[in-house]
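Here is the structure we will look at.
In what follows, every chain begins at residue 1, and chains take the letters A, B, ... in the order their sequences are listed. These numbers come from the heavy atoms of this one structure, side chains and all, not from hydrogens, waters or symmetry mates.
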Amino acid sequence: MENQLTKIVQPLLCWYAENARALPWRDDPTPYRVWVSEIMLQQTRVKAVKPYFERFLSELPTISSLADAPEEQLLKLWEGLGYYSRVRNLQKAARVVMKNYGGVLPKKPEELLRLPGIGEYTAGAVASIAYGEPVPAVDGNVLRVIARVTGDRSNISETAVKREFADRLRKIYPKKQAGTFTQSLMELGATVCLPNAEPKCGECPLSSLCTAHSLGAQRELPIKAAKKQRKIEERTVFLLLHEGRAALQKRPGKGLLGGLWEFPNVLGKLSPQEAAEQLKILGVTAEKIVPIPPSKHIFSHIEWHMTNYLVPIALPETQAFVWAGQRELAETYSIPAAFGKCLAYFMRTQ
DNA sequence: AAGGCGGGGGC
DNA sequence: GCCCCAGCCTT
């Protein structure tokens with residue numbers, strides 16, 4: 001049987017020529033810029049990435065400068081963007097590119113795939129967009145568009161289904177405008193073939209070929225696995241104050257918020273009395289313990305419910321912390337959004 | 001195959 | 001609240 005997808009190529013390319021958004025990484029699509037943009041865009045909306053992209057490129061304009069950047073600069077450039085292992089892997093990969101590829105990002109997806117932080121999607125995206133290789137890049141947008149166009153009710157959360165979609169696309173990829181085709185599929189998914197809201201089938205260049213549209217089944221597709229529940233974690237956070245500065249500690253390099261800085265905190269919801277005990281254990285002598293408004297932060301898999309205490313101290317007795325003033329907090333240390341309420345409280349009151 | 005890993009925007 | 005985003009890595 002003939003591939004139903006053959007017919008989408010020309011209409012999509014044509015539509016994209018008229019409707020592509022102007023995006024920073026599209027202006028000058030060098031391999032490095034495309035690469036950085038694709039890493040930033042993993043599970044992250046275009047709107048969120050925009051302010052980070054140009055700043056990152058302007059501070060670290062080359063693969064070489066990225067390879068040599070200090071960790072704190074990297075994390076500060078990524079602060080608030082989330083999934084911080086992305087930027088660590090980006091630098092690891094930059095070092096591999098410097099060492100093994102003479103500073104030139106490879107163009108074949110099989111080689112890109114070996115670099116830290118580059119999976120099937122990103123390998124295809126960089127190869128096609130930056131180098132014109134006729135290989136697919138299947139992200140959430142593409143899965144949705146293809147599932148709807150072909151009326152496919154497979155579970156797109158399954159690896160095998162993603163591979164199957166990629167294989168179908170591989171066969172119809174245009175040799176001439178591969179990068180444009182990659183971007184046109186994603187652009188359609190992002191701006192027309194919408195996930196949550198009602199898709200704009202009236203504006204869609206594929207509506208006449210779309211199985212879901214002909215059945216009125218747009219909202220039922222794609223099919224995905226149900227997501228599991230978040231765990232709630234109680235934490236008690238100490239805003240330790242000394243001479244107008246706040247105590248910070250560095251989180252472990254791996255895992256949640258790896259390598260970022262945080263206000264000292266412990267698991268559990270502690271009363272002021274329990275907090276006093278805990279602070280003694282941490283080697284801190286509190287002058288007083290003042291409750292400040294509690295806060296909540298939602299990660300994809302955990303929910304932090306935070307009990308916050310303001311704790312002035314006369315003398316820093318432990319070396320477990322660094323002491324940061326407003327300026328250092330703003331310019332030097334990368335603080336996760338989870339501590340945003342505490343941070344704002346400090347900035348407001350000091 | 002499943003779970004860990006951020007944060008925010010839109011309904 | 002809930003969804004899901006130009007996903008990848010480890011287990």
- prompt: When all nucleic acid strands are considered with a 4.0 Å heavy-atom cut-off, which category describes A:W304: base, sugar-phosphate, or nothing?
  reply: nothing
query: So, is A:K228 near the phosphate of B:dG4, with a side-chain N or O under 4.0 Å from OP1 or OP2?
result: yes
task: With heavy atoms under 4.0 Å as the rule, sort A:L23 into base, sugar-phosphate or nothing.
output: base
- prompt: With sugar-phosphate meaning primed atoms plus P, OP1 and OP2, does A:S85 contact a base, only sugar-phosphate, or nothing at under 4.0 Å between heavy atoms?
  reply: nothing
message: Do A:R235 and A:W304 form a cation-pi contact, if we require the NZ or CZ to be under 6.0 Å from the six-membered ring centre and within 45 degrees of the ring's axis?
response: yes
- prompt: Heavy atoms under 4.0 Å, any strand shown: does A:G189 hit a base, just sugar-phosphate, or nothing?
  reply: nothing
task: Could you tell me the separation between the NZ atom of A:K254 and the C1' atom of B:dG4, rounded to a whole number of Å?
output: 13 Å
query: Please give, in whole Å, the distance from B:dG6 C1' to A:H297 NE2?
result: 6 Å
- request: Pick base, sugar-phosphate or nothing for A:R114, based on heavy-atom distances below 4.0 Å to the nucleic acid.
  value: nothing
- request: Taking only the side-chain nitrogens and oxygens of A:Q43, find out if one of them lies under 4.0 Å from OP1 or OP2 of C:dG7.
  value: yes
message: With a 4.0 Å cutoff (strictly under), does any side-chain N or O of A:R144 reach OP1 or OP2 of C:dC5?
response: yes
query: Using a cut-off of 4.0 Å on non-hydrogen atoms, how would the nucleic acid contact of A:G255 be classed: base, sugar-phosphate, or nothing?
result: sugar-phosphate
field: Other residues, nucleotides, ligands: >12 heavy atoms within 6.0 Å of A:E18 CD
entry: no
task: Check whether any side-chain nitrogen or oxygen of A:N141 sits under 4.0 Å from OP1 or OP2 of C:dA6, and answer yes or no.
output: yes
task: Look at the side-chain N and O atoms of A:H301 and state whether any lies under 4.0 Å from the OP1 or OP2 oxygen of B:dG4.
output: no
query: Between A:F238 and A:F263, is a ring-ring contact (aromatic ring centres under 6.0 Å, His included) present by the stated rule, with each step listed?
result: CA-CA 6 Å; A:F238 304 113; A:F263 298 116; over 10 Å; no
Under 3.5 Å donor-acceptor pair, A:T44 side-chain atoms to B:dG6 base atoms: yes
task: Using a heavy-atom cut-off of under 4.0 Å over every strand shown, decide if A:T122 touches base, sugar-phosphate, or nothing.
output: sugar-phosphate
message: Could you check whether atom CZ of A:R327 has more than 12 heavy atoms from other residues, nucleotides or ligands sitting under 6.0 Å from it?
response: no
query: Do A:R86 side-chain and C:dC8 base share a donor-acceptor contact under 3.5 Å?
result: no
- request: Would you kindly give the CD-to-C1' distance between A:Q229 and C:dC2, to the nearest whole Å?
  value: 12 Å
message: Within the 4.0 Å heavy-atom criterion, would you say A:E120 contacts the bases, only the backbone, or no part of the nucleic acid?
response: sugar-phosphate
task: Pick base, sugar-phosphate or nothing for A:A125, based on heavy-atom distances below 4.0 Å to the nucleic acid.
output: nothing
- prompt: Over how many whole Å does the gap from A:W78 atom CH2 to B:dG6 atom C1' extend?
  reply: 12 Å
- prompt: At under 4.0 Å, does any side-chain N or O of A:Y83 touch on OP1 or OP2 of C:dC9?
  reply: no
message: Considering every strand and a 4.0 Å limit on heavy-atom distances, what is the contact class for A:I39: base, sugar-phosphate, or nothing?
response: nothing
message: On DNA chain C, compare the nucleotides closest to A:L41 and A:I118; which residue's is nearer the 5' end?
response: A:L41
Earlier contact from the 5' end, DNA chain B, for A:K47 and A:P336: A:P336
